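What follows is a single structure, written as C-alpha cells, with notes after it.
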Amino acid sequence: TDEIRARRADAQAEEEAVSYVRRLLQGRLDILRAELIRRTDDGSPEAADLLVRLSSVLSDGAAGHRDQLGARATRLRVPEGIDGYTERLDAVLDASALEELEGRTVETLQAFIDRLTDHEHELSEIRQQLFVRIDALRSELAARYKDGRAAIGDLL
Amino acid sequence: VEREVEALWERYRDTGDADVRERLIINYAPLVKYVAGRVAVGMPANVEHADLVSYGIFGLMDAIEKFDLSKGFKFETYAVTRIRGAIIDELRSIDWVPRSVRAKARALEAAMQRLESDLRRTPTDEELADDLGWTLEELQETLTRVSMTSIAALDETLDVSGDRISLVDTLQDLTAALPEESFEDEETKHLLRETLTRLTEREQTVLGLYYFEGMTLSQIGDVLGVTESRICQIHTKAVLSLRTKLVD
Ligand SMILES: Nc1nc2c(ncn2[C@@H]2O[C@@H]3COP(=O)(O)O[C@H]4[C@@H](O)[C@H](n5cnc6c(=O)[nH]c(N)nc65)O[C@@H]4COP(=O)(O)O[C@H]3[C@H]2O)c(=O)[nH]1
Ligand SMILES: Nc1nc2c(ncn2[C@@H]2O[C@@H]3COP(=O)(O)O[C@H]4[C@@H](O)[C@H](n5cnc6c(=O)[nH]c(N)nc65)O[C@@H]4COP(=O)(O)O[C@H]3[C@H]2O)c(=O)[nH]1
C-alpha cells in the first residue's frame, strides 16, 4: 500500500507541475485570442484597454466548476519541478510577446495562437494521462481503505 | 529570453513608469488564472469566476508594486501568495458566506468548544443540537451550508497561538512525498499531527482521505458507506472539530 501511495504522490507532483504551466499557457492563449477577436470585430488596432477586459478574458466558463462532492483538496503555490515545462513553454511563446500586441499584425497573432494551441493540446494530453494514472491509484487505495487493508493510522 | 522580463523589472524599478507596469501586469497575468481557478475549487457556484479574477488582478498589481528584486525570491512565488490573499480578503469583505450562516457557524463552534471541555470528547450531533436549542435538521443544514471544501473557507479561520496558519497548506505539508519549502514550521506540523490523533477515528479518516489521499468527498462517502449529504456534513464537522482543538 505504501508503494501505491508513493506512486500516486509522484504522479501527483508531476500533475501539479503540468497543471500550473498549462494554466499559464492558457492565460497567454486567452489574451492572444481576445486581441484577435477585438481586431476582427472593429477592424482597427486601437487599444481598448486590455487591463479592463483582462478579468473576463482570463476567467473560466462556469462549466468548469466542480461542486463540493467532486472537489479535491488542491495546493495553491508555485509547484516544484516546473522548470522543464516552463522552459519549453517560453520557447514556444515567451510572455514578453504579449506586451506589444497592438503593434502585431493579424497574421502574427494567428501564428502565435496556432503555436500555443498545439502546445496546449500537448500539455492537456499529458495531464489527462496523469489523471488516469492518479485516479486509478486512488481508486485502488479507496478499495483498500474500504475493506480495511489500509487505514489513516498508517499516515499519522 | 529570461533577460527580457528582467530588463522590464529594472526599467520599472528605475522609472516607476505606468506603461512598464502595465507590461509587467500582462506578462504575469496568467498567474491570476491559475490562482483564481484553484481558489474556486469547492466553492459554491454563486461566486462569479470573473470577479475572482478581477480581485486577483488587484493582488497582482499590488505584488508588482511591492516586489523587491534584491531579496532574491522568485516573483511568481511572492505573487501567488499576494493574489490568493487579495481574492480571499475581497471574498470575505463581500460576505460570500452570508452573514446569517457565518453567525450560525460561530455559534456551532462555540458549542463544540464548550461541550468538548465538558465531555472530554467530540459531542454527537444530537448533543450539539440540544445545547444550541436547534433541531437536528437545523444542525445538519448548517453543517451543509458551511462548506469546508474550499481554500477560502479554511483560510479565513485559523488563528493558532497568535500565528495565522493556513490549515490547508499545513495539512497537505504533513504528508508531502517530496521535501518542500513548507509554509509552516515544524512546530505547527507537529501540533497538527498530534491534534489529529485526538479526533475520533471517523473524523481522522475523513480528513485524512481528503487532505492526505486527495480523494473527493463523493469517494470518501463511498469508503465510509454514508450518503452524499451526510459526507459533506461529516467533513465540515471534522474540520470544525479539528479547529476547536487547535485553538484550545
Ligand atoms: N471541472 C474540470 N473539468 C476539466 C478539467 N480539466 C479538463 N476538464 C474537462 O475535460 C475536457 C477536456 O479537457 P482538455 O483535454 O484539457 O481540453 C481542453 C483544453 O485543451 C482547452 N482549455 C480548457 N480550458 C481552457 C482555458 O481556460 N483557456 C484555453 N485557452 N484553453 C482551455 O480546451 C479544451 C476543452 O475544454 P472544455 O470544453 O472545458 O472540456 C474539458 C473539461 O470538460 C478540470 O480541471 N476541471
Ligand atoms: N486526479 C485528478 N485531478 C484532477 C482532475 N480534474 C482536475 N484535477 C485537478 O484538480 C484541480 C481542481 O480541479 P477543479 O475543481 O475541476 O477546478 C479547475 C476547473 O474549475 C478549472 N479548469 C481547469 N482546466 C479546465 C478545463 O479544461 N475545462 C474546464 N471546464 N475547467 C477547467 O480550473 C480549476 C483549476 O484547475 P487546475 O489548476 O488544473 O487544478 C485541477 C487539477 O490539478 C481529474 O479528473 N483527476
Side-chain angles (χ1 to χ4, degrees), chain A residues 5-6 8-10 12-13 19-20 22-31 49-51 54-62 64-78 80-81 90-91 94-96 98-101 134 138-139 141-143 145-146 151-153 155-156, chain B residues 1 4-5 8 22-23 25-42 45 49-54 57 74 76-77 80 84 147 149-151 168-169 171-172 175 177-178 180 193 196-197 204-205 208-219 222-223 228 232:
Chain A
R5 284 193 183 111
R8 193 224 65 222
D10 284 345
Q12 173 119 37
S19 285
Y20 171 82
R22 173 180 178 268
R23 291 259 95 188
L24 293 191
L25 186 165
Q26 287 176 349
R28 292 181 195 178
L29 189 47
D30 295 344
I31 290 173
D49 196 355
L50 178 61
L51 279 193
L54 212 46
S55 48
S56 56
V57 167
L58 291 176
S59 58
D60 298 327
H65 204 81
R66 289 218 170 92
D67 67 355
Q68 264 203 76
L69 287 164
R72 292 181 179 83
T74 34
R75 304 226 47 159
L76 221 178
R77 58 172 184 177
V78 177
E80 306 267 339
D90 290 342
D94 189 73
S96 55
L98 300 176
E99 290 161 30
E100 300 270 58
L101 287 186
I134 293 169
R138 276 203 188 121
S139 303
L141 272 175
Y145 273 105
K146 198 164 176 177
I152 283 299
L155 294 176
L156 288 175
Chain B
V1 127
E4 302 210 34
V5 74
L8 212 55
E22 176 149 332
R23 289 187 182 202
I25 293 171
I26 296 184
N27 201 301
Y28 289 109
L31 278 177
V32 179
K33 187 168 177 82
Y34 172 71
V35 177
R38 295 218 159 193
V39 170
V41 174
H49 201 269
D51 290 340
L52 295 181
V53 175
S54 65
I57 294 184
K74 267 185 79 186
E76 283 83 348
T77 309
V80 165
R84 162 186 176 163
S147 151
T149 49
S150 68
I151 288 178
V168 177
D169 295 324
L171 277 171
Q172 291 174 335
T175 57
L178 308 173
E180 7 196 297
R193 175 169 283 147
L196 278 167
T197 58
Q204 281 184 43
T205 304
L209 292 184
Y210 192 72
Y211 294 103
F212 303 162
E213 304 288 22
M215 294 184 187
T216 64
L217 284 192
S218 143
Q219 270 177 312
D222 179 63
V223 167
E228 296 201 327
C232 291

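Computed from a predicted structure; not experimentally measured. Naming: A, B, ... by sequence-line order, numbering from 1 per chain.
Side-chain contact between B/Glu213 and A/Arg8 is present, with at least one heavy-atom pair separated by less than 4.5 Å. Here the side chains of B/Glu76 and A/Tyr20 are in contact, with some heavy-atom distance below 4.5 Å.
Contacts between B/Gln204 and chain A at a heavy-atom distance below 4.5 Å involve backbone atoms as well as side-chain atoms. For B/Ile25, the part lying near chain A is the side chain, with the backbone staying farther off; criterion is any non-hydrogen pair under 4.5 Å. Neither the backbone nor the side chain of B/Leu52 comes within contact range of chain A, judged by heavy atoms closer than 4.5 Å. Using a 4.5 Å cut-off between heavy atoms, B/Val80 touches chain A through its side chain atoms alone. Both the backbone and the side chain of B/Asp222 have a heavy atom closer than 4.5 Å to some heavy atom of chain A. A/Leu69 touches chain B through backbone and side chain together, each having a heavy atom under 4.5 Å away. Heavy-atom distances place both the backbone and the side chain of A/Leu141 under 4.5 Å from chain B. Only the side chain of B/Ile57 comes within less than 4.5 Å of a heavy atom in chain A; its backbone stays farther off.
Taking each heavy atom of B/Ala50 and A/Ser55 in turn, the nearest pair found is O-CB, 3.6 Å. Nearest approach of A/Leu58 to B/Ala29, heavy atoms of both residues: CD1-O, 3.6 Å. Between A/Gln68 and B/Cys232, the closest heavy-atom pair is OE1-SG, 3.8 Å. Here the closest non-hydrogen pair linking A/Leu76 and B/Val39 is CD1-CG2, 3.6 Å. Shown here for A/Leu54 and B/Val53, the closest heavy-atom pair between the two residues is O-CG1, 4.4 Å.
For the options B/Gly208, B/Ser54, B/Ser147, heavy-atom pairs under 4.5 Å to chain A are most numerous at B/Ser147. Of the listed residues (A/Ala91, A/Ala142, A/Ser19), the one with the most heavy-atom contacts under 4.5 Å to chain B is A/Ala142. Chain B forms the most heavy-atom pairs under 4.5 Å with one residue out of A/Gln26, A/Arg28, A/Arg72, A/Arg22, and that residue is A/Arg72. Chain B forms more heavy-atom pairs under 4.5 Å with one residue of A/Ser139, A/Gly27, A/Gly70, A/Ala71 than with any other, namely A/Ala71.
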Would A/Arg23 and B/Val35 count as a side chain to side chain contact (heavy atoms under 4.5 Å, CB included) if you check the C-alpha gap in whole Å, the side-chain angles of each, and the deciding distance to 0.1 Å?
CA-CA 9 Å; A/Arg23 291 259 95 188; B/Val35 177; over 6 Å; no
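Judged purely by atom type and a 3.5 angstrom limit, A/Arg138 uses its side chain to pair as donor or acceptor with the backbone of B/Gly214.
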